[in-house]
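Below is one structure, written out as structure tokens; the observations come after it.
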Amino acid sequence: MHHFRLLLTVANIGRLSTKDAVLFLCDMQEKFRPNIFQFTNIVSNAARLLQASRILGIPPILTEQYPKGLGPTVPELGAEDLKAHAKTSFTMMIEEVQKELEALGNPKQAILCGIEAHACIACTAFDLLEKGIEVHIVADAVSSRSQTDRLFALSRLKQSGAYLTTTEAVLLQLVQDAKHPNFKEIQKLLAHPSPDTGLLAFFSAL
């Protein structure tokens, strides 16, 4: 029994795997551009995650919040070839997305980026966690209009059992070895250090 409990503990450390993961890209749309804290850097980091997902065969899922009013996904994300699921609910877990997850064989891990941290990201994370899916929130690829809302959302989601990580950490943990056949392609995405998106104050308060 003790051995079984130990196995469970080891299994739940949050190690990412390319075989079990899906990338959630949440509502990075034109109308948000002037209002979201660190929008350019957030989208830039999310774009690197999307590029990595293509290299490593991780399926991406893209949503747009009320696109008629809030506009399309910004072009610099590089998601033009993806089907954008339009929604009005804050959660990304609408019926079409749930069907897509089923078609993918119900991946066990979700890598979550986009906006806003305290609204659509939070609601999506809660729904995923309730379904028993491991949630990895990429802290330097999520934001809100207010830095206060963003930082408190990250803290709140950590309390609910989501893992907080960074863009570069995700990329390196997915390849795990410099001998990985795709390592050189991933390494190119790491050529420049990730931009500072104002998370140091949050980290010092952890």
Side-chain angles (χ1 to χ4, degrees), residues 16 18 21-65 67 70-85 92 109-122 124-125 135-154 157-158 162-175 180 182-203:
L16 281 167
T18 53
V22 62
L23 175 66
F24 280 76
L25 300 161
C26 186
D27 306 352
M28 286 170 272
Q29 293 157 257
E30 282 294 347
K31 281 285 174 73
F32 290 121
R33 189 188 292 276
N35 302 315
I36 296 294
F37 181 76
Q38 291 278 344
F39 184 85
T40 302
N41 288 332
I42 296 305
V43 173
S44 169
N45 283 333
R48 285 197 291 158
L49 290 165
L50 177 55
Q51 287 175 265
S53 78
R54 297 187 200 283
I55 294 165
L56 299 170
I58 295 168
I61 292 178
L62 174 73
T63 60
E64 291 176 346
Q65 181 73 14
L70 296 171
T73 298
V74 295
E76 59 266 38
L77 183 60
E80 293 85 355
D81 61 319
L82 299 183
K83 175 180 167 47
H85 298 283
M92 292 178 76
Q109 299 177 320
I111 301 166
L112 195 47
C113 56
I115 54 181
E116 287 187 72
H118 64 296
C120 298
I121 295 290
T124 303
V135 175
H136 295 256
I137 294 171
V138 190
D140 60 354
V142 301
S143 194
S144 299
R145 285 174 300 163
S146 142
Q147 174 74 329
T148 301
D149 282 326
R150 178 194 186 204
L151 298 183
F152 271 84
L154 292 173
L157 289 163
K158 185 169 177 259
Y163 294 105
L164 303 184
T165 187
T166 63
T167 302
E168 192 161 319
V170 168
L171 300 185
L172 291 170
Q173 284 163 26
L174 285 169
V175 291
H180 189 286
N182 301 113
F183 177 70
K184 281 199 162 51
E185 290 172 274
I186 296 297
Q187 195 176 30
K188 285 176 190 167
L189 299 175
L190 303 171
H192 301 289
S194 294
D196 175 17
T197 67
L199 289 169
L200 291 179
F202 170 71
F203 188 77

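Below, each value reflects all heavy atoms present in this structure, side chains not excepted, and no hydrogens, waters or symmetry copies.
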(message) Pairing donors with acceptors under 3.5 angstrom, does anything connect the side chains of Asp140 and Thr197?
(response) no

(request) Go through the structure and list residues passing ring-ring contact (aromatic ring centres under 6.0 Å, His included) with Tyr163, not counting sequence neighbours. (result) His136

Identify all side-chain donor-acceptor contacts of residues 184-193 below 3.5 Å with residues at least two apart in sequence or on another chain.
residue : atom : partner : partner atom : Å
Glu185  : OE1  : Asn182  : ND2          : 3.1

(request) Could you list the residues that satisfy side chain to side chain donor-acceptor pair (under 3.5 Å) with Arg33, not counting sequence neighbours? (result) Glu30, Glu76

(message) Once salt bridge (charged side-chain N to carboxylate O under 4.0 Å, His left out) is applied, what residue pairs with a partner in residues 43-64 remain, sequence neighbours excluded?
(response) Arg54-Asp81

(request) Applying side chain to side chain contact (heavy atoms under 4.5 Å, CB included), name anything that partners Ala110, two or more places apart in sequence or on another chain. (result) Val22, Phe24, Leu128, Ile133

(message) So does Ala117 get a backbone contact from the side chain of Ser144, meaning a donor-acceptor N/O pair under 3.5 Å?
(response) yes

(message) Taking side chain to side chain contact (heavy atoms under 4.5 Å, CB included) as the definition, give me every residue that meets it alongside Ser44, ordered by chain and number, with sequence neighbours left out.
(response) none

(request) Check side chain to side chain contact (heavy atoms under 4.5 Å, CB included) between Ala79 and all other residues, then give those that pass, not counting sequence neighbours. (result) Leu50, Leu62, Leu77, Leu82

(request) Would you please name every residue forming a side chain to side chain contact (heavy atoms under 4.5 Å, CB included) with Thr148, sequence neighbours left out? (result) Ser146, Phe152

(request) Name all residues meeting the side chain to side chain donor-acceptor pair (under 3.5 Å) criterion together with Asp27; count only those two or more places apart in sequence or in a different chain, and write none if there are none. (result) Thr63, Lys87

(message) Whether the side chain of Gln147 engages the backbone of Gly198 through a donor-acceptor N/O pair (distance < 3.5 Å, no angle test) should be reported.
(response) yes

(request) Go through the structure and list residues passing side chain to side chain donor-acceptor pair (under 3.5 Å) with Thr124, not counting sequence neighbours. (result) none

(request) Under the salt bridge (Lys or Arg N to Asp or Glu O under 4.0 Å) rule, collect the residues that match up with Asp196, sequence neighbours excluded. (result) none

(message) Restricting to ring-ring contact (aromatic ring centres under 6.0 Å, His included), what partner residues turn up for His118, sequence neighbours left out?
(response) none

